[in-house]
Amino acid sequence: MKKSYGVNELRRMYLEFFESKGHLAMKSFSLVPHNDNSLLLINAGMAPLKPYFTGQEIPPRRRVTTCQKCIRTGDIENVGKTARHLTFFEMLGNFSFGDYFKHEAIAWSWEFLTKVLGLEEDRLYPSIYGEDDEAFDIWTKEVGIPEDHMVRLGKEDNFWEHGSGPCGPCSEIYFDRGPEYGCGKPTCGVGCDCDRYMEIWNLVFSQFDADGKGHYERLARPNIDTGMGLERLACVMQGVGNLFEVDTDQSVLH
Ligand code: GLY
């Protein structure tokens with residue numbers, strides 16, 4: 001049964017869930033990147049962990065979970081216009097540095113959303129990268145998602161890549177907030193720009209090393225990098241209209 005958890009409860013529940021799966025919970029890193037000239041501000045849970053993904057540094061454990069403070073300027077134009085964009089937000093993440101891979105990442109995301117939080121299964125829609133039949137089979141055959149709840153999207157939406165280095169296909173989990181939040185267009189569905197199908201979690205399967213020129217080598221030890229917007233999750237759990245209406249924002253505004 002879905003309950004209306006607060007932002008602080010959701011953060012704690014997520015970190016405890018992944019601790020129960022063998023992860024080390026680490027504190028949020030500073031918003032100001034350390035030894036990374038490619039970023040002005042930390043924009044994703046994985047950003048401060050890059051040296052662990054590339055093997056430059058040894059992680060304190062091969063399974064790590066964080067709730068990372070983020071500022072994302074790429075979609076800043078959307079702030080105030082959509083229900084789902086913020087400048088500052090917190091990103092929940094679980095990470096595998098050459099340890100578990102797709103099977104566990106997918107199964108645990110489903111377990112957390114449906115068993116721990118009690119989200120209605122029939123309102124959740126996973127997307128996968130077009131060619132990623134492995135992820136499709138895990139979702140449909142192992143987790144049991146009906147095929148009409150699966151969506152295949154292109155490289156622009158479902159392939160996580162920034163220049164050269166570790167990259168790979170991803171699988172995003174969308175929650176259907178209902179037609180009252182939709183644009184009403186006949187084409188409206190997962191991936192539509194409107195606020196009906198809200199992307200809450202992105203599971204990145206970092207399985208290639210890219211040379212930045214279109215050549216991809218399969219990594220001997222692939223990684224997992226996931227990111228879930230804490231405020232988006234709270235918006236869905238609390239059944240409120242937009243991210244500014246979640247409990248913590250409201251307590252500051254009133
Ligand atoms: N690194 C996953 C995400 O930010 O969506």
Side-chain angles (χ1 to χ4, degrees), residues 1-2 10 13-25 45-46 53 61-66 91-155 157-161 166-177 189-191 197-209 216 218-229 232-233 236-237:
M1 246 285 270
K2 179 171 161 238
L10 290 167
M13 289 166 85
Y14 182 90
L15 295 174
E16 283 178 3
F17 176 78
F18 281 100
E19 280 184 307
S20 81
K21 305 290 185 195
H23 292 64
L24 174 70
M46 63 82 70
F53 283 109
R61 201 181 293 174
R62 290 167 82 136
R63 299 180 182 191
V64 162
T65 183
T66 60
M91 185 180 284
L92 300 164
N94 54 288
F95 308 95
S96 157
F97 308 112
D99 187 45
Y100 64 86
F101 197 45
K102 278 184 204 181
H103 292 271
E104 295 86 343
I106 290 176
W108 291 340
S109 68
W110 197 250
E111 183 183 339
F112 183 71
L113 293 177
T114 62
K115 300 284 182 307
V116 178
L117 299 183
L119 280 176
E120 303 95 315
E121 296 192 5
D122 60 354
R123 296 179 73 176
L124 291 167
Y125 291 79
S127 72
I128 52 150
Y129 174 55
E131 294 163 21
D132 192 0
D133 291 330
E134 189 186 6
F136 184 84
D137 286 348
I138 296 171
W139 278 116
T140 53
K141 298 187 182 132
E142 293 179 23
V143 181
I145 308 296
E147 291 196 11
D148 64 1
H149 268 236
M150 295 294 308
V151 184
R152 287 183 193 259
L153 295 176
K155 203 165 180 185
D157 290 298
N158 278 47
F159 199 91
W160 177 268
E161 180 176 26
C167 62
C170 57
S171 186
E172 296 174 316
I173 305 175
Y174 290 78
F175 181 80
D176 179 5
R177 303 202 303 152
V190 169
Y197 295 91
M198 192 181 272
E199 182 216 324
I200 50 175
W201 204 343
N202 186 14
L203 316 178
V204 183
F205 312 127
S206 216
Q207 64 193 48
F208 299 113
D209 191 18
Y216 299 90
R218 223 176 158 98
L219 289 169
R221 300 190 76 124
N223 308 298
I224 287 292
D225 150 31
T226 88
M228 173 151 64
R232 285 195 188 181
L233 178 65
V236 160
M237 295 305 298

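Computed from a prediction, not measured in an experiment: that's the story for all the values here.
Closest heavy-atom contact between Y129 and P169: CB-CB, 3.6 Å. Scanning both residues, M237 and L117, for their nearest heavy atoms gives CE-O, 3.4 Å. R221 and G98 make their closest contact through NH2-O, 3.1 Å (heavy atoms, listed as atom of the first residue, atom of the second, distance).
When atom types are taken as modelled, the side chain of S127 and the backbone of S171 share no donor-acceptor pair closer than 3.5 angstrom. In terms of modelled atom types and a separation under 3.5 Å, the side chain of R61 and the main chain of G22 share a donor-acceptor contact. Checked by atom type and distance alone, the side chain of H103 never pairs as donor or acceptor with a backbone atom of I138 at under 3.5 Å. Using modelled atom types, no side-chain atom of E142 and backbone atom of W139 make a donor-acceptor pair closer than 3.5 Å.
Checked for salt-bridge contact, E111 and K21 meet the test: a charged N lies under 4.0 Å from a carboxylate O.
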Please tabulate, for side-chain N and O atoms in residues 198-206, each donor-acceptor pair with protein atoms closer than 3.5 Å (sequence neighbours left out).
{"residue": "W201", "atom": "NE1", "partner": "T226", "partner atom": "OG1", "Å": "3.0"}

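The side-chain heavy atoms of K155 and E161, taken from C-beta on, include a pair separated by under 4.5 Å. Using a 4.5 Å heavy-atom threshold, the side chains of L124 and W110 count as touching. When side chains are defined from C-beta on, D132 does not count as touching N158, because their heavy atoms never get closer than 4.5 Å. Side-chain contact check for Q207 versus L219: every heavy-atom pair is 4.5 Å or farther apart. No side-chain heavy atom of M150 sits under 4.5 Å from any side-chain heavy atom of Y125. Considering only heavy atoms from C-beta on, L10 stays 4.5 Å or farther from M228 through its side chain.
Between Y197 and F175, the ring centre distance reaches or exceeds 6.0 Å. For Y100 and H23, the gap between ring centers is short of 6.0 Å.
By the 30° and 60° cut-offs, the orientation of the rings of F112 relative to Y14 is perpendicular.
Counting non-hydrogen atoms of other residues, nucleotides and ligands closer than 6.0 Å to CD of E131 gives a total of 12 or fewer.
Geometric assessment of R63 against the ring of F18 yields a negative cation-pi assignment under the 6.0 Å and 45° thresholds.
Rounding to the nearest 0.5 Å gives a distance of 14.5 Å between CZ of R152 and CG of D157.
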